[in-house]
Structure formats: C-alpha cells, structure tokens
Amino acid sequence: MTLTDKIAQLNIPVCLPQELLGDSTDPTGTVEHREAYVRGRTVVGTGAGKFRLGPGGGFFGLVNQTLSGSVEVPHTLTPREQAEQHNRLQRLARDTRLGIPLLEISEGTHGSVGPGSTIFPEGLALGATFDPELIGQVYAAVAREARAVGIHALSTITAELNRDPRYGRGIWAFSEDPYLTAAFVGALVPAMQGAGGGLTSDESVVTSLVTFPMESPNVGGLETSSIEIGERAFRQTHLEPWRVGFAEAGALMTEASEQTIDGLVVHGSRKYLTDLLRDELCFDGVVIGNDLRSLIREHVAATAQEAAGLGMRAGVDISLAWDEIYLDQLAAAVREGRVDEALLDRAVRRVLTLKERLGLFENPYVDAARAKRVVNCAPHQALALRVARESMVLLKNENGLLPLAADRVRTVALIGPNADDELNLLGEYNAYPALHETPSIREALTRLLGDRVRLRYERGCTVTGTDTSGFAAARAAARDADVAVVVVGEQTSGGYFSPHRTDGELKDTASLALTGVQQQLLEEVHATGTPTVAVVVTGRALALPWATEHLPALLVAWLPGEAGGRAVAETLFGRTEPTGRLPVTFPRDVGQLPLTYDQKHTRADADAYIDMPATPLHAFGSGRGYTTFRYSGIRLDDTHITQDGRTRLHVDITNTGRRAGTEVVQLYVTDDQASVSLPRIRLRGVAKRQVEAGERVTVSFPVVAARDLTLVDERLRTVVEPGTFTLTIGSASDHLHQRISLTVS
C-alpha cells in the first residue's frame, strides 16, 4: 500500500465534504461524488499539500441522506435502494487496484437512521424499562436492519452515564446509574455482534460504544466544555459500563470523547486511548476520532500536523471529520518523519482487521430483496410497541384517576403541542422519513376509542413559542370534558440543524422547566376544575414541581418511538400497565444539580435549601402501576461470605391490589464502613415480575462480592474490603422496604 492508500483507509467521512457537493441537494453528494471517492479520484488538501486520496475506506452515515430531517432530498432511498447503493459502491471498491472493501458506519442510537428503519424508543425510554434482556432484543433488531442494507458498524450506542440533564447529548444515554447502564451494554453488545453466528452473519454489526471515556458531567452542562473529575471518582462511578462493554462483551469500536478531562484532551491522550482502553480494558478494535481539532482549540497542538501526530500516538485510528489533520497534514508528517509510519501502519492494520472480521473481503455485498423483507418487519414493529409500552413511567396518580375507563368517560379534551405531533415522539437521529406509519397520540387515541368516547383536540400552544391565543379554545375544551389530557414536553423534530429543537446534540439548556408557555397552559386547563393528566414527552429529566403538586396524574412518555402514540393511548385507558421506572433523578430545580440518587452520606442527609428541600422531586427508580405490592421475608442463603464469595438474596412480594401487575424490584447495597467515602446506596440488582392479584412470589438476586461489593480505594485499586454491608430491597431509591446485613471476611 502506498502512503496515499493508507491515509484513505483512515478517513471515513461523515457524508461527503461540502466542497465536493457542488450543486447537489443531497448532503451525501451526487452519485458521481461518491463514486469518485471510492475510486480514489478525490483531491484533498491545498497548495503543496494537495494530493489525490487513495480508494476510499468507507462512509459514515451514507443512508442518512436528510441528516434526520435537516434537509429535503428529491428522492429518499428505500431500504432496498440503500442496499443496492451499497452494493454498487462495493463493486467499485473491489475493482480498484487493491480491491479493499468499504467499511460502512452509521448512527444507531435507537435504530438505524436509514429511511424506513424501525424507530425504537430512545435513550432514557429504553433505560426506563429496567430490562437488559429486552434492550438486547432491541439492538439485535437494529443490527439486523442495518446489516440488511449494507451497514457494518453502528455508532452512538451510549455506554456513558446520564449525570447532568442539561447536557443535550444525554438524550442518547440510558441512565445515571453505572450498574443499570452496564447491564444494558452487557446485553446489547453480544446481541449486535454475535446475532446469527458472529460478525460475518447478515444479522450482525460492530458495536461502536460512545463516547470514551466520558463527555459528561461537563462544566455547566455545555457540550465541549471540560470535565473536572478525579481519577478515583471516574473509576468508582463511570468505568463499569466500559469494562463490561469492552473487557467482557468485546465491543470492537468506540468514539473518542471530544472533551478535555482533568486537563487531558482525549483525542491526544495515550493514557485514555491506549493505556486504559487497550491495555487495561483489553479493547481489540478501532477507535474513531471526530474532533482532532480539539487539540488545537485547547492549545495543546500548535498546528494541524502536530495534532495529527498526537492523535496517531494516542491511538485514534479513523477520522470522521474529513479534516486536513488526518488527510494531507498526516501524510506530510509521515513523509517528513514527524510521525513514524509504523504508527500509521498500526491504525491501517486495525481497520483492515475489522473488515476481515466482518467477512467483507470474501463477500461485501447484501441481498437487496432481503433488505425489503427485514427492515421494519412485523416482529420489529411489535418489539417497538412492546418497548414503548414498558417505558411509560407513571409518577403520580391521585385517587386512582388513571386508568381512564371508556365506559365512564364520555368526553376527553386532548390538549398540548405534543398531542398531535408524531415527529416529536421519534427522538434524535431517527430514520427520517420513516416510510411507514408513526401515529401521533391523537391518532392513536382516536383509533383506540372509536365512537365510544368523544375526543376534542386543541393544540393550545407550541413547544417553544410565547403565543397564548390558543388558550381560550383549550380552556373551553377542558370545561366541556370529563377529563383533560395535556401533552407537553420537548421538541426533537426538525433535524440536526433545526433552531426549534429543545433537546439533543448541540441543544444544552440552562433551565429544566417546560419551555415556552407550556406550564401556563397546564395551569389554565387545571383552573377549569376538570381532572387533568399531564403527559410529558422528553429526552431528559425535567423540573416539574408545579405539575407534581397540582395535577392529579403525571405520566412520563419519554421519546417513545414509532409506536409511542399507541403506547400512551393504551396506558391512559388501562389496556397496558405503566411498568417503566425512572432511570434518572428528576430534580425540583436546576439549582440542585448535580443531583443523582447515589450521593455520599453527607449530601444525602443534607438540610434543605432556604427555598426548597434538598431532596429530588422524583427519585431514581420511581414509578407506579395500577396495583399495589407488599414486601416481606427478606433472607440470605449465607449471611457470611469471603471477599471472593457469593450468596443469594430472596424476598417475597405480594400483589395486594385487584388486578394483575408488574413490580420492578430493586436491590441496593450500603457499605457500612469503608476506607473511603462511598454513596449511601448503590443499585446492584433489578428484577421485573408480573404478579396476579392476591398472588405472592419470591424474587431472588445473586450477590457476588467481587462484582457488587467493591470500592476503589485510596491507591486506585478496585477491592472488596472486609466488614458488614446492608442489603436493601425497594421499589425506588427512596422507597426501601426490607433490609438485611451481610458480613464479608
């Protein structure tokens, strides 16, 4: 391979660079643009650094023609056409001098972004299921659909924690809790990479976990602001999902964080990208860089060529940014001896090895007819509906207002900016356009209720505007109804560049209150005296103190995906039970941040602020269904174990209500006395159980000392210290029902 050939393999551009598009209305370029890149006829650089790029290494996001709705394109490719497009490009690649196949990467935070793909619930909605096995099924389906159209790796699969709701990219993350996030990651990686018999299977893709080692909590909750966290705190709280994802599950791709952590710019940090990632966590895959320019912004590198050397030495293998740093400047640095060509060879070898593992040298093509059959097939639609149903979190239900009874409710006033907006249910980085039905809450309620219940709809206001002219009609609709359902929350539709989005990448916020005049709308409807249910469509934890105090019912619907409208409708009318639980803490006010459930003892026991309690508005793990449960009979198989031992905990739960229901039983651990300060409680087990009315069942948890009772000591060693531990069973982090002591020696 020539130097130009090698450089080409390390550049997999996010679509195609703007300077190549000419008059193209498609951000992925014209057919001619793409084919020239694959053949090695793309000229990059300027002046003395100008050179022809060797046959291209692949594309990132080629199927995302519209940038998830940011731009309109003349013709949206169907799944079959996406597969045919990838096949054409692979044939061109095979006909080049070296015949190296393309590596096609795309986004996959909650489904492939190829139009027509199944749009599953996103981020915290998936986390709210508290069901790792179910999440594994979701990502197996996502992998199946992606590989069917010719995609080999999916990125934006988030292994980092959601510890600051202000941060827009937190929309991708599952939970604030390391145990729960690690459980999800441990389920989804093998589901994606091993489905159907390994990476060569037509049902598997490489999992790209993001963003290593972390991008949050950052200063002020602002994207690209620095992270100021100590090594022990990082290892105690943030490392577990990465250890599970890489060392145990074997994920083969990751994106380097764009942040500076404790003064180290991650894109140039050997400590993070080699010592920690490869040597300690046994990572054996490819590292993607998307912001090598951060080295220049932070004044760590003076020139693009210097940044290229820092990135190479740190361990960045692929650049998505189509930046001179890994193009002509990297080539110049190698030619001039500033970067050892052996480092370049190392990165190229990693990329080629991944292509070999995927079986692309033997068969880079896909069956276009299969793509049509697989993408958004009936089983995947059913799975999207199941997950949406299980993600619903009911936070308040005063006097049993929910579920509504169709035989007792004659008229429902459906109000709010998200009541009839199906796009805001779909989340960020979704398959746009969907090419299949994604009904709004209004449409779903209309189908569910038919002629039995009159549904009167009024929008009332927009998500972000200040226009209150629709309030009068909303009040009239509420006064004329037996119950009012007001659907408020966030706006994620409009694509990456939309100025109206309130959540997602580049959409950080300094306030967690409802935007625009949405709270005023809630107040106006409530003032009519009609019982009012608030449904909140959101990708982050919001501060909802007024709604919590004044409204009888509060349902968090998250970003529930293509079947979210139906899931909300069925939950409101009791066709399904809300079994979701909060995977993050909901604060009373943004001024409480940072606020997670796993606080140290002194913060957990702190006095109130002068203007509000110090406690959360809604605690981690909270949520209720349509029945009640009693806990009893906690016991351990062994109450005394060694530091490398294990035991099992058992507890009985009884359904004390009149209908069957599902309880999410949560196991928390407290180290009674340790050598370092630890959280008061830490989640170490979850179990979902469906129980018939009046039935009692036993729920059991394994307790493994080396997994569940560890701490990071003063010398940064992960150890189990002898002593006593309190094991607590609860239905939420602030509702702990049974406890027992365990001794470790």
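Any value given below was found using the heavy atoms of this structure, including those in side chains, with hydrogens, waters and symmetry copies removed. Fair warning: this is a prediction, and the values are worked out from it, not measured in the lab. Throughout, residue positions are numbered sequentially from 1 according to the sequence presented.
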Contact summary for [X] and [Y], nearest pair of heavy atoms:
X      : Y      : value
Val409 : Val453 : O-CG2, 3.3 Å
Arg479 : Thr528 : CG-CB, 3.7 Å
His380 : Thr118 : CB-OG1, 3.6 Å
Glu122 : Ile171 : CG-O, 3.6 Å
Leu636 : Ser741 : CD1-O, 3.7 Å
Glu240 : Ala182 : CG-CB, 3.8 Å

Between [Y] and [X], is there a side-chain donor-acceptor contact under 3.5 Å, judged purely by atom types and distance?
X      : Y      : value
Asn424 : Ser493 : yes
His737 : Ser731 : yes
Thr411 : Asp482 : no
Thr615 : Arg588 : yes
Thr468 : Gln520 : no
Asp177 : Tyr597 : yes
Ser700 : His650 : yes
Glu562 : Asn376 : yes
Tyr668 : Gln666 : yes

I'd like to know if the side chain of [X] reaches the main chain of [Y], judged simply by a donor and an acceptor atom lying under 3.5 Å from each other, with no hydrogens or angles considered.
X      : Y      : answer
Asn655 : Val691 : yes
Asp420 : Arg442 : no
Arg454 : Arg410 : no
Asn430 : Gly427 : yes
Thr530 : Ala478 : yes

Item to complete: Can you measure from CD (Gln518) to OG1 (Thr462) and round to the nearest 0.5 angstrom?
Response: 8.0 Å

Residues [X], [Y]: salt bridge by 4.0 Å N-O rule:
X      : Y      : answer
Arg566 : Glu570 : yes
Arg635 : Asp652 : yes
Arg166 : Asp503 : no
Arg501 : Glu428 : yes
Asp407 : Arg452 : no

Item to complete: Please indicate whether Asn399 has more than 12 foreign heavy atoms, meaning atoms of other residues, nucleotides or ligands, lying under 6.0 Å from its CG.
Response: no

Discussion item. Around atom CZ of Arg658, are there more than 12 heavy atoms from other residues, nucleotides or ligands closer than 6.0 Å?
Written reply: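 No.
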
Item to complete: Classify the ring geometry between Phe130 and Phe620 as parallel (under 30°), tilted (30 to 60°) or perpendicular (over 60°).
Response: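 Aromatic pair Phe130/Phe620 classed tilted.
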
Practice prompt. Starting from the C-alpha separation in whole Å, work towards a yes-or-no answer on side chain to side chain contact (heavy atoms under 4.5 Å, CB included) for Leu512 and Leu593.
Written response: CA-CA 11 Å; Leu512 297 177; Leu593 300 182; 4.1 Å; yes

Is there a side-chain contact between [X] and [Y] in this structure, where contact means two heavy atoms from C-beta onward sitting under 4.5 Å apart?
X      : Y      : result
Phe629 : Thr656 : no
Glu422 : Thr438 : yes
Lys688 : Glu390 : yes

Item to complete: Check Arg689, Arg630, Arg581 against Glu663 for a salt bridge (charged side-chain N to carboxylate O under 4.0 Å, His left out) and give me the one that passes.
Response: Arg581

